[in-house]
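The block underneath contains the structure these notes are about, expressed in structure tokens.
When reading the values below, keep in mind they use all heavy atoms of this one structure, side chains included, and skip hydrogens, waters and symmetry mates.
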Amino acid sequence: MPKGGKKGGHKGRMRTYTSPEEIDAQMKAEKERKKHEQEEEGEEGASRKDTAEEKLPGSDSEDSDDDDSLRKRAGVEGLIGNWNPNRVAQKSKKVTQIELDEPRQLSRREREEIEKQKAKERYMKMHLAGKTDQAKADLARLAIIRKQREEAAKKKEEEKKAKEAAAAAAAAARGVNSLSLK
């Protein structure tokens, strides 16, 4: 028999529900905690305002930096003490900061692609001019084929002339034979 028997399973246990009074108590406690945190932040904000008044009135940008650094970090951020050093914050550039005069730096892949295309174009020019080894081999092969075709055409012409001469000789021989029979 399995461990715990038939009635020992976890699926038949009694469920417990939270009563409405407990829910109300939890919500009140949470509201009080938030209120207490806001009061503490208000006290910290007052002390920050006092130090800000002591500064010169022309240093507004420094005030905002101090506020950002003293702002309480929410969630997991408050627990983590250091940040990822590899993370680069994206900086937005203004239109006036972008320099259009400088040529854009190409990546290695783009440079290699352009070099490859230029080399292919140079090779094709040399190939069409007949200066590459492959072009020379192609021209030599074409010359041999042309020569073979010319020889085949001459041979065919000679065979045709020989056939015509044989046919003419046969016709002449028939003509002599036919004359002698008469």
Side-chain angles (χ1 to χ4, degrees), residues 10-11 15-18 22-23 25-156:
H10 67 280
K11 293 187 178 183
R15 291 196 170 90
T16 56
Y17 297 99
T18 310
E22 289 179 34
I23 294 174
Q26 288 175 356
M27 290 178 72
K28 283 182 184 178
E30 191 174 327
K31 284 181 183 177
E32 288 177 15
R33 187 176 47 84
K34 284 185 180 179
K35 193 182 222 183
H36 184 66
E37 287 178 2
Q38 288 177 354
E39 287 175 3
E40 286 178 2
E41 287 179 11
E43 291 172 7
E44 288 176 8
S47 65
R48 272 190 261 148
K49 287 180 184 176
D50 293 338
T51 57
E53 290 174 1
E54 292 173 1
K55 291 185 180 181
L56 295 175
S59 61
D60 293 337
S61 63
E62 294 176 12
D63 294 343
S64 64
D65 293 339
D66 291 338
D67 290 342
D68 291 340
S69 65
L70 295 175
R71 187 183 318 147
K72 190 171 185 180
R73 291 179 275 169
V76 180
E77 218 175 285
L79 300 174
I80 300 173
N82 55 359
W83 290 273
N84 184 355
N86 296 327
R87 182 171 181 248
V88 178
Q90 294 181 355
K91 298 176 183 176
S92 58
K93 290 186 176 182
K94 294 181 181 177
V95 177
T96 56
Q97 291 176 338
I98 298 174
E99 297 178 12
L100 298 174
D101 299 336
E102 290 184 19
R104 187 173 76 83
Q105 294 292 331
L106 299 176
S107 68
R108 178 185 57 84
R109 286 184 181 169
E110 291 171 338
R111 265 196 319 272
E112 288 176 356
E113 186 70 26
I114 291 171
E115 290 173 4
K116 189 177 178 182
Q117 288 175 351
K118 287 181 180 178
K120 193 172 187 179
E121 289 174 7
R122 278 195 307 269
Y123 181 80
M124 289 306 293
K125 284 180 184 177
M126 291 181 69
H127 186 75
L128 292 174
K131 295 181 180 179
T132 62
D133 293 337
Q134 186 179 4
K136 289 176 184 176
D138 289 345
L139 292 174
R141 197 175 336 109
L142 288 173
I144 292 170
I145 291 171
R146 214 177 275 132
K147 195 174 187 181
Q148 288 175 348
R149 287 181 181 168
E150 287 175 5
E151 290 173 1
K154 284 180 185 178
K155 190 175 181 182
K156 196 173 187 181

CD (Q38) and CD (E41) are apart, to the nearest 0.5 Å, by 7.0 Å
About how many Å separate CD of E112 and NZ of K116, when rounded to the nearest 0.5 Å?
-> 9.5 Å
Decide whether H36 and E40 meet the rule of one side-chain donor and one side-chain acceptor closer than 3.5 Å.
-> yes
Which residues pass the side chain to side chain contact (heavy atoms under 4.5 Å, CB included) test with L106, sequence neighbours left out?
-> R104, E110, R111, I114
Rounded to the nearest 0.5 Å, what separation is found between the CE atom of M124 and the OG1 atom of T132?
-> 9.0 Å
Would you name the heavy atoms of G130 and A135 that are closest together and state the gap between them?
-> CA-CB, 3.7 Å
Quick one: side chains of residues 139-154, donor-acceptor pairs under 3.5 Å with protein atoms, not counting sequence neighbours, listed by atom name and distance.
| residue | atom | partner | partner atom | Å |
| --- | --- | --- | --- | --- |
| R141 | NH2 | D138 | OD1 | 2.8 |

Between K136 and K131 the two heavy atoms that sit nearest each other are CE-O, 3.8 Å
side-chain contact (heavy atoms from CB on, under 4.5 Å) partner of K35, chosen from E39, E37, R33 = E39
